[in-house]
Amino acid sequence: MQLDLKMTNKTPKWTTERLFKALAHVKLGGSTCLYTREKCEELLPKILRIEELKKEKDAVILAHSYVAPDIIQAVSDFVGDSYELSKKAKEASQKTIVFVAVKFMAETAKLLNPKKRVLIPSKINGCSLADSISGSQVVTLRQQYPDYTFVCYINTTAEVKAECDVCVTSSNVYAIIEAIPNNKIYFLPDKLMGKNVINYLAEKGIHKDIKLWDGTCYVHEEYNPEMIQYIRSQHDGVKVLTHPECSEDVLADSDFVGSTSQMLNYVKKTKAPSFFMLTECGLTGRLEAESPDKKFVGTCTMCKYMRSNTLDDIIRVLENADSDDIVEINTKTQAAALMSIEAMFKYNM
Ligand code: 13P
Ligand code: SF4
């Protein structure tokens, strides 16, 4: 069944005052994230133009929680983690999907809803994980490890997904790898996430032979336990939340580990004097806007790929997309890559 996302997410009519009210609490990123009345006044014409274009072009805007707060709060129809976004992309009824995130996520939308025109506003396509391995490298690995089930993180290109058996996201990686009947697993490309899966299974007394590729997320690998110690020494009762792309030492010192949406839900339902979010700070910006009663401490680290999406780029792709802005996947890759994503949905986790 196709869901009309416009019907379920009524966009308010924006004014400078409403925009300021929605964004005034965003502050963790310092001056780059400050939304003054003047800044909101400057952004308003762009936001209103995007509203017009969405109607004119029959477009829906899906955005990841790591993009700029103005995109999240004012123009997107749905914001989520990569699992939720792929489900929304599959259900979208509009002719055009504008995917405000990174290329592999937009490709996943195209795989799941191939008749739609999928546009990607970002001009710097990339992700340090997705860029770390190619489809032909997976072919070589499969020859080396013929008995292994190949599990790819969603942060991979369609070409890589096409060579794997099942795709996973940060919200289901532990549960799916645990459920796979084969004890021999090749997990790629995130070696830190892979090590975290091994530790999780070991704690449950499950021992699988898990081989790992040597990829990392350049944002999450930077966090270390010393940062957590320091923040805990300065902020009594702080809750530390961590994304599973961080190292095992960081996870060991955390109060909660989960996907970006699982982290968001944890904060929304937890009473604590403050929160330290070990992930890209777009998520903190989103929480500051949506839960102004909560206090966030610590650092702000931005993903250059996610942050290369701007309101101007959204206008540009909706007005006049060029071939680089339109996601295309060849038929052979499309069919094979879709199988690995459908295999993930079959686990229903
Ligand atoms: P989530 O699926 O948890 O949103 O993670 C995506 C991502 O790119 C994390 O760096
Ligand atoms: Fe890729 Fe890391 Fe950016 Fe996520 S935060 S999109 S994993 S580079």
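Note that ligands are numbered from 1 as they come in the structure, with each ligand's atoms numbered from 1 the same way.
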Going by the 4.0 angstrom heavy-atom rule, the piece of His64 near ligand 1 is side chain
Can an N or O of Tyr83 be found at a distance shorter than 3.5 Å from an N or O of ligand 1? no
For the pair Lys211 and Asp147, find out whether any cationic side-chain nitrogen is under 4.0 Å from an anionic carboxylate oxygen. no
Closest to atom 1 (Fe) of ligand 2 by heavy-atom distance, out of Ala101, Cys127, Ser170, is Cys127
Provide the number and element of each atom of ligand 1 under 4.0 Å from a heavy atom of Ser259. 3 (O)
I'd like to check which ligand 2 atoms, numbered from 1 as shown, lie under 4.0 Å from a non-hydrogen atom of Tyr218. 8 (S)
Is Asp325 salt-bridged to Arg316, cutoff N-O under 4.0 Å? yes
Identify which one of Asp209, Asn182, Asp165, Asn183 satisfies the side chain to side chain donor-acceptor pair (under 3.5 Å) criterion when paired with Tyr148. Asp209
Applying a strict 4.0 Å limit to heavy atoms, is Glu280 in contact with ligand 2? no
Examine Ser82 against ligand 1 and note whether any of their N/O atoms are separated by less than 3.5 Å. yes
Examine Thr169 against ligand 1 and note whether any of their N/O atoms are separated by less than 3.5 Å. no
Counting from 1 in the order shown, the ligand 2 atoms closer than 4.0 Å to a non-hydrogen atom of Leu129 are 7 (S)
Quick one: which ligand 2 atoms are inside 4.0 Å of a heavy atom on Cys217? 2 (Fe), 5 (S), 7 (S)
Verify the cluster assignment for Leu43 and Val26: are they in a single hydrophobic cluster under the rule of side-chain heavy atoms below 4.5 Å apart? yes
Have a look at ligand 1 and work out which part of Thr279, if any, has a heavy atom under 4.0 Å from it: side chain, backbone, both or neither. neither
Donor-acceptor pair between Tyr66 and Thr279 side chains, under 3.5 angstrom: yes
Do Thr301 and Tyr223 get their side chains close enough for a donor-acceptor pair, meaning under 3.5 Å? yes
If the cut-off is 4.0 Å to any non-hydrogen atom of Ser128, which atoms of ligand 2 fall inside it? 8 (S)
For ligand 1, note which part of Ser170 has a heavy atom under 4.0 Å away: side chain, backbone, both or neither. side chain
If you measure every N/O of Asp81 against every N/O of ligand 1, is any gap under 3.5 Å? no
Using a strict threshold of under 4.0 Å (side-chain N to carboxylate O), is an ion pair present between Asp255 and Arg232? yes
Is the closest side-chain donor-acceptor distance between Thr169 and Ser171 under 3.5 Å? yes
Per atom 10 (O) of ligand 1, closest listed option by heavy atom (Met263, Gln262, Glu84, Glu245): Glu245
Are we looking at SG atoms under 2.5 Å apart for Cys281 and Cys300? yes
Within 4.0 Å of some non-hydrogen atom of Tyr66, the atoms of ligand 1 are 7 (C), 9 (C), 10 (O)
If the cut-off is 4.0 Å to any non-hydrogen atom of Asn155, which atoms of ligand 1 fall inside it? 7 (C), 8 (O)
Those atoms of ligand 2 less than 4.0 Å from some heavy atom in Glu245: 7 (S)
Quick check on ring-ring contact (aromatic ring centres under 6.0 Å, His included): which of Phe187, Trp213, Tyr186 does Tyr145 satisfy it with? Tyr186
Any idea which protein heavy atom is nearest atom 5 (O) of ligand 1, and the distance to it? His243 NE2, 3.3 Å
To the nearest 0.5 Å, what is the distance between NE2 on His235 and CZ on Phe276? 9.0 Å
